[in-house]
Structures are given as C-alpha cells and as structure tokens.
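Have a look at the structure below, then the notes.
One is the number of the first residue; the rest follow in order along the sequence. Values reported hereafter were calculated over all heavy atoms of this structure, with side chains retained and with hydrogens, waters and symmetry mates removed.
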Amino acid sequence: MSESIEDVQPAGETPDLTDDQVDGAEDAPAEAKPADNGQDALQPAEVNTPEVKPAEPAATVLLLGSGDLSRELALAFQRLGGVVVAADRYYAPAHGVADRSAVIKMNDAEELAALIEREKPRYVVAESGVIAADALISVAERGDIEVLPAPRSIRLSQDREGLRRLASDELGLPTVPFWFAGSAEELTAVAEHAGFPLLVKPVVGAQRDGESVLLRPDDIEPAWQRATTAGHIAHNRVLAESVVEVEYEITMLTVRTAGPSGPGVQFCEPIGHRRVGTDVLEAWQPQPLSPAALDAAKSISARIVNSLGGRGVFGVELLVQGDDVYFSDVRIRPHDSGLVTLRSQRLSEFEMHARAILGLAVDTIMISPAAAEVSYGGADAVETSADISAVLAEALATSESDVRLFGGPGESEPPRRLGVALATAPDVIIARDRARRVGTALRKLW
C-alpha cells in the first residue's frame with residue numbers, strides 16, 4: 001500500500017513541509033474570485049454585475065521521481081501555476097516543495113495506478129528510470145491524462161537494447177560497434193570477437209550505474225555481476241560497446257514542443273562534459289563544433305527525439321571525433337550535464353521542460369558562456385566540520401559564480417549529488433576555470 005503525505009497551503013505559496021504539515025490534510029478547492037471591474041468589493045444587491053466564469057482549475061502535474069533535479073522541476077511547474085504531486089519510493093527532495101506527495105513503489109503497476117486514480121492529474125511526468133511503464137501506457141490510452149514525455153519514450157528509456165536497436169536498425173543513426181549478451185559466457189564470446197577495451201552497461205537502469213570497462217579476460221565475470229545487479233529492476237542482459245577515441249562527449253539538449261502547426265524541435269548550444277574520477281562531472285556550454293559536426297548532431301538529435309515523440313527536454317548524448325558524430329544515449333528528462341543552463345541560458349533545462357509539457361512557448365537562447373562542476377558522494381561521504389559560511393564565502397568570491405547545495409550525505413542511495421558549482425565568463429575557457437575554483441572550495445564541505 002502507498003503512503004500519502006499531503007498538506008494544505010494558501011494559494012501562491014509553496015513553503016517547505018514541516019513535521020506538523022504532513023498529517024494527511026486534504027486540499028480544499030480554491031474559491032473562484034470575481035473579476036476586478038473597478039467597483040467596490042461590497043455592492044448593493046440591486047446592482048447587476050456581469051456573470052463571472054470560474055477560472056479553469058490549475059493543472060495538476062504528477063512527478064514520478066522526486067530527487068534533487070525533480071525539486072527544481074517542481075518549482076518550475078509551480079511558478080507557471082501548476083499544482084505538483086511528487087512521488088517516489090522514499091521521502092525525497094521534491095516532496096519538500098510539492099503541493100502534495102506520496103511514497104510508493106513506482107515499479108509496482110497497482111500502486112502506481114492507484115495513485116493516479118486518487119490524484120487524477122492532468123499530466124503524468126516521468127522523472128525516474130524505475131517506473132511501471134505498462135501502467136502508464138494503460139493510463140495514456142484512456143485519453144483523459146497526458147503521460148509525458150510519451151509512453152514510448154518512457155518504455156525505451158528503461159530498455160537500452162530497444163533504444164539502441166531503434167537508433168541503429170530502424171533510424172540508421174551512426175553508433176559505435178555494439179553487442180548484447182545474456183550470460184557471462186556470451187559476454188566472453190563478445191570480448192573475444194570485439195577485443196579489449198570494451199565498455200559494459202546494464203540494459204536497464206540509470207546511466208553509468210553498473211558500468212565497467214573490460215581490459216582483460218579476468219574483468220568479464222565481475223563486470224557481468226556488476227551490470228546485472230545494478231538498479232532496482234531485475235535483468236540478465238548487458239550492452240557491450242567498443243571503446244573508441246573521441247574528442248568530445250556532448251549533450252544536445254533538444255526541446256520537442258507541440259504548436260498549432262504541429263510538433264517542432266529546438267536545440268540548445270552543445271554542452272560538453274567529462275568525468276573527473278568518479279566524484280565530479282564537469283560540463284560547459286557552448287562546446288564548439290565544426291559546422292559539419294554541428295549539423296550532424298542536430299540531425300541525429302531531431303531524428304531520435306521525433307521517433308520517441310511527446311513533449312519536453314531530451315538530452316541526446318553524442319560522441320564527436322572531428323566531423324564524425326555517433327549516437328550514444330538519450331535521456332527523456334533534465335539531467336546533470338544540463339545544470340549548466342541554470343546560468344548559461346535565459347531558460348534553464350527545468351523551465352524549458354515545464355513549458356514544453358504545459359504547451360507554452362519555449363526558447364533556447366544562450367545568454368552567456370558558462371560551466372558547471374557537479375560533486376558526488378558515495379556511501380562513505382560525510383559532512384566535514386568545515387564552517388559552511390566560510391566555505392561559501394570562499395566559493396562565491398570567484399567572479400560570476402553561483403552554487404547549489406543538495407541534501408547532506410546519506411539521505412539517498414550513492415552515488416548522490418552533493419552540490420554544483422556554476423560560473424559564467426566572456427568565454428568558456430575562463431568559465432571552466434572559474435567553475436573548477438568554486439567546485440574545489442565547495443568540496444571542503446564533504
């Protein structure tokens with residue numbers, strides 16, 4: 001059975017939940033207010049005032065997944081007048097800002113269907129890779145609730161095999177050589193055929209969760225075990241890819257919208273990113289590409305996003321070597337590399353996602369080169385005794401800098417985000433240097 005945590009709030013306010021606000025009070029419907037026509041609020045009975053039509057009820061958005069990034073998305077929906085219901089398998093960051101919240105097993109079709117029936121949202125938005133997709137398909141088929149970005153994209157986001165076959169076999173997108181294996185013995189045969197090094201990923205689960213790089217035969221069995229035990233969905237197949245030398249790994253944030261003339265796509269400037277060890281992700285925008293590579297990146301992104309369908313922000317992951325561009329993966333929601341848009345663009349990835357889902361106008365205007373450093377912590381991450389005020393003073397002393405701090409270590413499963421350092425500058429090289437300095441200062445907290 002699901003637990004529901006609800007609160008009643010005055011219109012227009014979205015305070016954090018406190019302990020005495022989570023006792024299951026029901027929302028009271030908002031009262032319709034008469035239009036301001038310049039007359040006194042209290043009028044004689046004989047005055048014939050025009051009939052006022054009640055306002056359309058606010059759109060209720062059910063977020064399936066309520067982590068740190070969903071918290072930012074919940075705020076974006078609320079700023080556009082949406083009522084947000086946040087759901088996850090534990091009391092998560094977005095629950096603290098949502099209008100209502102629920103703790104359920106999102107991969108349990110019955111629990112998920114019961115939550116949707118109880119809340120009756122206008123939009124159901126997938127923000128997690130662990131969702132009972134079949135239940136969402138059934139909801140979408142009813143026609144009274146929109147499931148976004150789209151049921152097809154939600155299903156394929158949980159199935160790397162289906163997604164890779166769509167990209168390579170159906171759409172003909174360029175990819176690095178890849179194989180699938182259903183046992184450690186099959187993976188051994190793939191390695192003997194493809195050679196080393198070889199990148200192994202689970203066919204389901206969060207990106208980078210359960211990944212390994214095979215350098216020798218002795219790595220095969222541990223890689224198989226790591227990939228098939230990762231995440232919260234049982235599986236016994238893995239994806240193996242040749243490791244190719246590339247100049248850049250980029251994210252093309254691609255926004256798919258619906259308008260009077262039909263669906264359309266818009267592109268943000270390319271976002272470059274790289275991992276620094278296991279605990280830091282560096283991202284910057286824009287990543288300069290040759291004209292041929294940029295055209296190829298946009299073409300690949302448009303084709304995969306249009307095939308998936310729906311509305312919202314898609315993070316298309318690409319590998320770039322000179323003018324050659326290879327499809328790697330696609331995320332159907334805002335993600336870490338896009339955090340740089342909090343400072344680089346007029347609209348962040350969260351604001352673009354919310355607008356596209358609500359059917360509102362979206363733009364992808366970049367206002368400044370920028371960079372971000374996301375810090376992560378494992379199970380052993382603990383808060384230090386550092387003075388947070390002193391650390392923030394040091395971090396924010398860097399020109400054009402900003403930070404976001406997430407919850408303390410231990411509040412969710414590792415690896416988890418601890419904070420993000422942000423900086424803008426006249427060019428991306430200076431922005432990256434500034435973000436590194438801010439990130440170095442922030443990491444004194446953990």
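In this structure, the side chain of Arg432 does not engage the main chain of Ala371 through any donor-acceptor pair within 3.5 Å. No donor-acceptor pair under 3.5 Å is formed between the side chain of Glu211 and the backbone N or O of Pro202. With hydrogens and angles ignored, the 3.5 Å screen pairs a side-chain donor or acceptor of Glu349 with a backbone N or O of His335. Of the possible donor and acceptor atoms, none in the side chain of Ser344 sits under 3.5 Å from a partner among the backbone N and O of Ala370. Between the Ser242 side chain and the Val244 main chain, no donor and acceptor come within less than 3.5 Å of each other. Proximity of a side-chain donor or acceptor of Ser307 to a complementary backbone N or O of Arg303 within less than 3.5 Å is not detected. In this structure, the side chain of Arg256 does not engage the main chain of Gly312 through any donor-acceptor pair within 3.5 Å.
Heavy-atom minimum distance, Gly162 versus Leu156: C-CD2, 3.7 Å. Of all non-hydrogen atoms in Val203 and Leu239, the two that sit nearest each other are CG1-N, 4.0 Å. Closest non-hydrogen pair, Ala395 versus Val403, comes out as CB-CG1, 4.4 Å. Here the shortest heavy-atom pairing between Ala87 and Met106 reads O-SD, 3.8 Å. Minimum heavy-atom separation, Thr257 to Val362: CG2-CG2, 4.1 Å. Of all non-hydrogen atoms in Pro151 and Ile137, the two that sit nearest each other are CB-CG1, 3.8 Å.
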Inset, instruction - Apply salt bridge (charged side-chain N to carboxylate O under 4.0 Å, His left out) to the pair Arg160 and Asp329, showing each step before the final yes or no. - result: CA-CA 8 Å; Arg160 286 196 179 92; Asp329 208 340; 3.7 Å; yes

Inset, instruction - Go through the steps to decide whether Asp363 and Gln345 satisfy the test side-chain hydrogen bond (donor to acceptor under 3.5 Å, both in side chains), and finish with yes or no. - result: CA-CA 9 Å; Asp363 70 63; Gln345 296 195 170; over 6 Å; no

Inset, instruction - Please test Tyr123 against Leu62 for side chain to side chain contact (heavy atoms under 4.5 Å, CB included), starting from the C-alpha separation and ending with a verdict. - result: CA-CA 6 Å; Tyr123 306 104; Leu62 172 59; over 6 Å; no

Inset, instruction - Could you check Thr251 against His273 for side chain to side chain contact (heavy atoms under 4.5 Å, CB included), going step by step and ending with a plain yes or no? - result: CA-CA 8 Å; Thr251 300; His273 55 83; 3.2 Å; yes

Legend entry - Stepwise side chain to side chain contact (heavy atoms under 4.5 Å, CB included) test for Gln285 and Val428: CA-CA 7 Å; Gln285 188 185 28; Val428 76; over 6 Å; no

Inset, instruction - Check the pair Asp134, Arg155 against salt bridge (charged side-chain N to carboxylate O under 4.0 Å, His left out), reporting the backbone distance first and the verdict last. - result: CA-CA 8 Å; Asp134 289 343; Arg155 180 189 286 279; 2.6 Å; yes

Legend entry - Worked check of side chain to side chain contact (heavy atoms under 4.5 Å, CB included) between Arg89 and Val103: CA-CA 5 Å; Arg89 59 189 170 78; Val103 176; 5.6 Å; no

Legend entry - Residue pair Ser328, Glu317: steps toward the side-chain hydrogen bond (donor to acceptor under 3.5 Å, both in side chains) verdict: CA-CA 5 Å; Ser328 176; Glu317 302 299 322; over 6 Å; no

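A search for salt bridge (Lys or Arg N to Asp or Glu O under 4.0 Å) contacts involving Arg417 returns Asp68, Asp336, not counting sequence neighbours.
Using a 4.0 Å cut-off between charged nitrogen and carboxylate oxygen, Arg274 and Glu282 count as a salt-bridge pair. For the pair Glu394 and Lys444, the salt-bridge criterion is met [side-chain N within less than 4.0 Å of a carboxylate O]. At a threshold of 4.0 Å, the pair Glu119-Arg100 counts as salt-bridged, since one of the basic side-chain nitrogens sits closer than that to a carboxylate oxygen. Salt-bridge check for Glu373 with Arg443: passed, with a basic side-chain N closer than 4.0 Å to an acidic carboxylate O. Using a 4.0 Å cut-off between a side-chain N of Lys or Arg and a carboxylate O of Asp or Glu, Lys201 and Glu241 qualify as a salt bridge. For Glu161 and Arg165, the salt-bridge test passes: some basic side-chain N is under 4.0 Å from an acidic carboxylate O.
Going from atom CD1 of Ile304 over to atom CD of Glu170 covers 9.0 Å, rounded to the nearest 0.5 Å. Annotation: the span from Phe314 atom CZ to Arg333 atom CZ amounts to 10.5 Å, rounded to 0.5 Å. A distance of 8.5 Å separates CD1 of Ile104 from CG of Asp88, quoted to the nearest 0.5 Å. Atom OG of Ser153 and atom CD1 of Ile332 lie 4.5 Å apart (nearest 0.5 Å). Here the CG atom belonging to Leu318 is positioned 14.0 Å from the OH atom belonging to Tyr248, to the nearest 0.5 angstrom. Considering OG1 of Thr424 and CG of Leu342, their distance stands at 12.0 Å, rounded to 0.5 Å.
Side-chain contact between Leu253 and Thr341: present, with at least one pair of heavy atoms (C-beta onward) separated by less than 4.5 Å. Two residues are said to be in side-chain contact when any heavy atoms from C-beta on lie closer than 4.5 Å; Ser168 and Phe327 fail this criterion. Side-chain contact between Trp284 and Ile271 is absent, with no heavy-atom pair separated by less than 4.5 Å. Side-chain contact between Ser70 and Leu64 is absent, with no heavy atoms from C-beta onward closer than 4.5 Å. No side-chain heavy atom of Ser212 sits less than 4.5 Å from a side-chain heavy atom of Asp219. When side chains are defined from C-beta on, Leu442 counts as touching Leu392, because their heavy atoms get closer than 4.5 Å. Under the 4.5 Å side-chain criterion, counting only non-hydrogen atoms from C-beta, Met366 is in contact with Pro286. Taking the side chain as every heavy atom from C-beta outward, Val147 and Ile154 approach each other to under 4.5 Å.
Under the 6.0 Å distance and 45° angle rule, Arg275 counts as a cation-pi partner of Tyr376. In this structure, Arg164 forms a cation-pi arrangement with Phe178, its terminal cationic atom sitting closer than 6.0 Å to the ring centre and no more than 45° off the ring axis.
Side chain to side chain, His353 and Glu72 fail the donor-acceptor criterion of an N or O pair below 3.5 Å. Under the 3.5 Å distance criterion, with hydrogens and angles disregarded, no donor-acceptor pair is assigned to the side chains of Arg434 and Thr398.
Around atom CD of Gln225, more than 12 heavy atoms belonging to other residues, nucleotides or ligands sit under 6.0 Å away.
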